[in-house]
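Since the structure comes first, as structure tokens, the remarks are kept for the end.
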Amino acid sequence: MDDLVAVADRFKPSGEVVEVREFGSGLVNATFLVALDSEKEKRFILQRINTAIFPRPERIMGNLGVIAGHVQGRLKAAPPEAGRRWEVPRPLLTEEGGDHWIGPDGSFWRAISFIEGAQTFDTIQDAAHAGEVGHALGTFQNLLSDLPTGKLAATLEGFHVTPRYLAHFDEVMAKNRPRKSPEMDYALKFVAGRREGAGLLEEARDAGKLRLRPIHGDPKVNNVMMDRATGRAVAMIDLDTAGPGLVHYDIGDCLRSGCNPLGEETDRWEAVRFETELCRAVLSGYLPAAGAFLTEEDDEYLCDAVRLIAFELGLRFLTDYLEGDVYFKVKEPEHNLLRALVQFKLTESIESQERAIRDIVGETR
Ligand code: GN1
Ligand code: MG
């Protein structure tokens with residue numbers, strides 16, 4: 001703990017560090033909430049970036065600076081409508097003026113401002129919450145829609161390119177023989193039956209039908225901060241994967257997360273369902289906030305995107321389970337297998353309701 005206080009001390013905006021405690025439910029980085037005895041900034045977020053996963057963490061910080069600057073400019077020119085606020089996490093600087101600090105052991109630390117008066121939820125609460133989650137993603141993308149993608153760096157090369165995850169799964173399978181169980185059997189059959197079509201979004205991009213834009217990369221429910229008083233979305237946090245990408249990755253991820261009321265950590269995987277009424281709510285919040293940049297061709301791929309991103313996340317969890325949990329943090333040995341089953345059940349539910357989802361996309365546009 002003393003060490004953490006010393007690290008936090010390097011970033012403190014004012015006052016003394018009174019407490020550092022673990023915070024949030026992220027699966028990759030180590031996150032802490034730092035409390036200060038200060039009148040000004042009372043707390044901030046301190047994180048140790050997992051450099052085994054993010055090999056170029058300085059790119060994350062570069063993007064964060066570019067995004068914060070751009071969005072602040074846009075908000076100055078056109079503030080949010082009455083009754084709403086919109087905030088962007090800001091990087092805090094060290095005394096030397098750097099946006100990160102590298103520890104003697106090579107660990108990469110950064111600090112970001114805390115958004116006061118707001119909270120996150122790990123699972124979707126109701127349709128109003130779903131609408132706000134959609135609104136948050138649309139607002140985020142809209143505020144960056146005039147930022148040239150060249151200004152943002154890729155922090156994880158090919159992050160949502162599903163065929164890459166299939167190739168990695170094959171490599172891992174070639175080296176490991178999974179223990180037999182009905183669940184593993186289901187999971188392996190599930191993947192085998194969905195190899196075709198995994199490259200749909202990439203093919204559409206290569207054919208010039210979809211193009212790269214600034215995206216968030218990880219817009220799941222608990223990355224949207226909700227105002228405690230008004231219940232409205234106030235910020236998208238965790239910008240580590242923000243960069244150039246297809247907006248479809250974002251919409252797909254937001255829907256796979258926002259339309260699964262049991263949440264991605266449930267142990268009732270067989271009961272997992274994609275709720276189309278929540279899908280309607282997310283899209284009804286998303287589309288007006290996103291504004292004019294979506295084309296008809298974009299619409300065409302929205303339904304495929306949600307199916308693909310749910311499948312991709314399941315495949316990532318399954319691969320990590322087979323590889324010995326080298327990527328996602330786990331609380332128990334079968335955790336990643338269970339997470340994979342949740343996403344596969346969700347994918348199945350999306351597949352079986354494709355017609356209804358396509359209709360909702362049409363109706364909410
Ligand atoms: C990881 O670490 P966290 O919780 O922000 C992952 C996302 C997954 C998510 C699933 C860099 O995000 O892609 O959708 O877990 N982030 C990375 O909860 O791989
Ligand atoms: Mg994340």
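For ligands, and for the atoms within them, numbers begin at 1 and follow the listed sequence. Quick caveat: nothing in here was measured; it's all calculated off a predicted structure. The chain is numbered in sequence order, starting from 1.
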### Query
Any idea which part of K329 is under 4.0 Å from ligand 1, heavy-atom wise: side chain, backbone, both or neither?
neither
### Message
Between ligand 1 and L27, is the shortest N or O to N or O distance under 3.5 Å?
### Response
yes
### Task
Give a yes/no on ligand 1: does Q343 have at least one heavy atom closer than 4.0 angstrom to it?
no
### Task
Classify the side-chain pair H160/D250 by whether it contains a donor and acceptor separated by less than 3.5 Å.
no
### Carboxylate-amine/guanidinium proximity below 4.0 Å for R339 and D320
no
### Query
Is E203 salt-bridged to K209, going by a charged N under 4.0 Å from an acidic O?
no
### Ion pair R164/E157, N-O distance below 4.0 Å
no
### Task
Output yes when the distance from some N or O of ligand 1 to some N or O of T241 is under 3.5 Å, and no in every other case.
no
#### Entry: Closest approach to the Mg ion (ligand 2) by D238, given as the N, O or S atom name
OD2
### Message
Just to check, does R339 reach to within less than 4.0 Å of ligand 1 when the distance is taken from its heavy atoms?
### Response
no
### Query
Is R194 close enough and on-axis enough to F190, meaning under 6.0 Å and within 45°, for cation-pi?
yes
### Message
What I want to find out is whether K175 reaches E171 closely enough, with some N-O distance under 4.0 Å, to be called a salt bridge.
### Response
no
### Query
Less than 3.5 Å between some nitrogen or oxygen of N29 and one of ligand 1, yes or no?
no
